[in-house]
Amino acid sequence: MAQQMLNERTFAPQAVRELGGGPQAARRMTVMGTVGKSFVLFVLTCAFAVIGWDHAARVIKATSGPSWLLGYFLLIALSFLAIARPRLAPIGGLVYAVLMGLWVGGISRVYESAYDGIVAQALLATMATVLVCLVLYAFGVVKVTRRFALVVVGATCGIGLMYLTAWILTLFGTTLAFWASPTPAGIAISVAICIVAALNLFIDFAVVDAGVEAGAPAFMGWYSAWGLLATVVWLYLEVLYLLARLQR
């Protein structure tokens with residue numbers, strides 16, 4: 001979903017003009033403004049993750065039933081709303097952060113109950129990965145070329161298709177054993193997914209830079225922060241799943 005929000009078309013010249021941006025716009029998107037908005041969304045997500053964690057008695061049950069799926073589809077619906085109506089990003093991003101925090105907090109409590117200390121490990125690994133990716137991008141060690149973006153987007157779409165297939169199979173009482181089981185193949189696939197999630201961060205950073213250069217309006221800073229949050233949460237969840245497979 002993060003790829004749907006932040007991609008090379010997000011800040012194309014025509015898209016920026018349609019949003020009311022451009023070099024002559026009074027209030028334009030900035031890097032520091034986007035960083036500040038991202039910080040607000042991350043703090044809000046973490047705060048409500050604590051609430052979801054504290055109410056684990058109800059949230060844990062929801063992670064395996066209709067309520068969990070309802071929350072998941074609601075998050076997806078909000079993301080599609082952002083894509084269709086970017087101007088709603090300031091409000092939509094805050095709502096998304098609240099719901100995502102509650103959802104992730106519940107999931108984290110489930111895994112922590114099964115594997116003591118796994119959440120702290122996943123958080124540290126995610127924070128370290130985000131920091132490393134940011135440093136590598138800032139110093140130009142990793143350059144986001146068109147080929148790089150196409151490969152990452154293709155891999156991300158493939159992962160999304162695998163998720164969809166796995167979900168459909170669960171409706172018929174079947175699972176993708178080669179992926180879900182803690183086998184060498186399953187662990188290798190999980191590692192590959194974590195790498196792809198991390199590579200998506202480079203694309204997000206490049207898209208933010210493109211938005212600043214194109215003179216995108218200020219509210220697109222909230223939109224970009226929303227997309228970054230979605231990528232980081234995806235990375236965290238994949239690291240959590242990987243650590244769980246390793247411990248199993």
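Computed from heavy atoms alone, side chains included, the values below leave out hydrogens, waters and symmetry copies. We number each residue from 1, following the sequence as shown.
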Close side-chain approach of [X] and [Y], heavy atoms under 4.5 Å:
X	Y	value
Val104	Phe48	no
Gln247	Gln121	yes
Ile91	Trp222	no
Met162	Ile189	yes

What pair of heavy atoms forms the shortest contact from [X] to [Y], and how long is it?
X	Y	result
Tyr115	Ala244	CE1-CB, 3.7 Å
Ala122	Leu243	N-CD1, 3.6 Å
Trp226	Leu41	N-CD1, 3.7 Å
Leu235	Cys194	CD1-O, 3.7 Å
Ala206	Tyr137	CA-OH, 3.2 Å
Thr34	Ser224	CG2-CB, 4.0 Å

Among [options], exactly one meets side-chain contact (heavy atoms from CB on, under 4.5 Å) together with [X]. Which residue is that?
X	options	result
Trp103	Leu237, Thr45, Val98	Leu237
Trp234	Thr126, Val239, Leu229, Asn200	Asn200
Phe205	Val208, Ile203, Leu201	Leu201

Shared hydrophobic cluster for [X] and [Y] (ILVMFWY, side-chain gaps under 4.5 Å):
X	Y	answer
Met127	Phe39	no
Val50	Val40	no
Ile51	Val95	yes
Val144	Leu131	yes
Leu124	Val232	no

Taking [Y]'s backbone N and O only, do any of them form a donor-acceptor pair with [X]'s side chain (distance below 3.5 Å, no angle check)?
X	Y	answer
Glu112	Gly117	yes
Arg245	Ile187	no
Ser190	Gly186	no

Distance (rounded to the nearest 0.5 Å) between [X] [atom1] and [Y] [atom2]:
X	Y	atom1	atom2	result
Leu99	Leu44	CG	CG	10.0 Å
Leu199	Cys133	CG	SG	7.0 Å
Tyr236	Ile107	OH	CD1	8.5 Å

Parallel, tilted or perpendicular, as decided by the 30° and 60° cut-offs, for the rings of Phe148 and Phe202: perpendicular
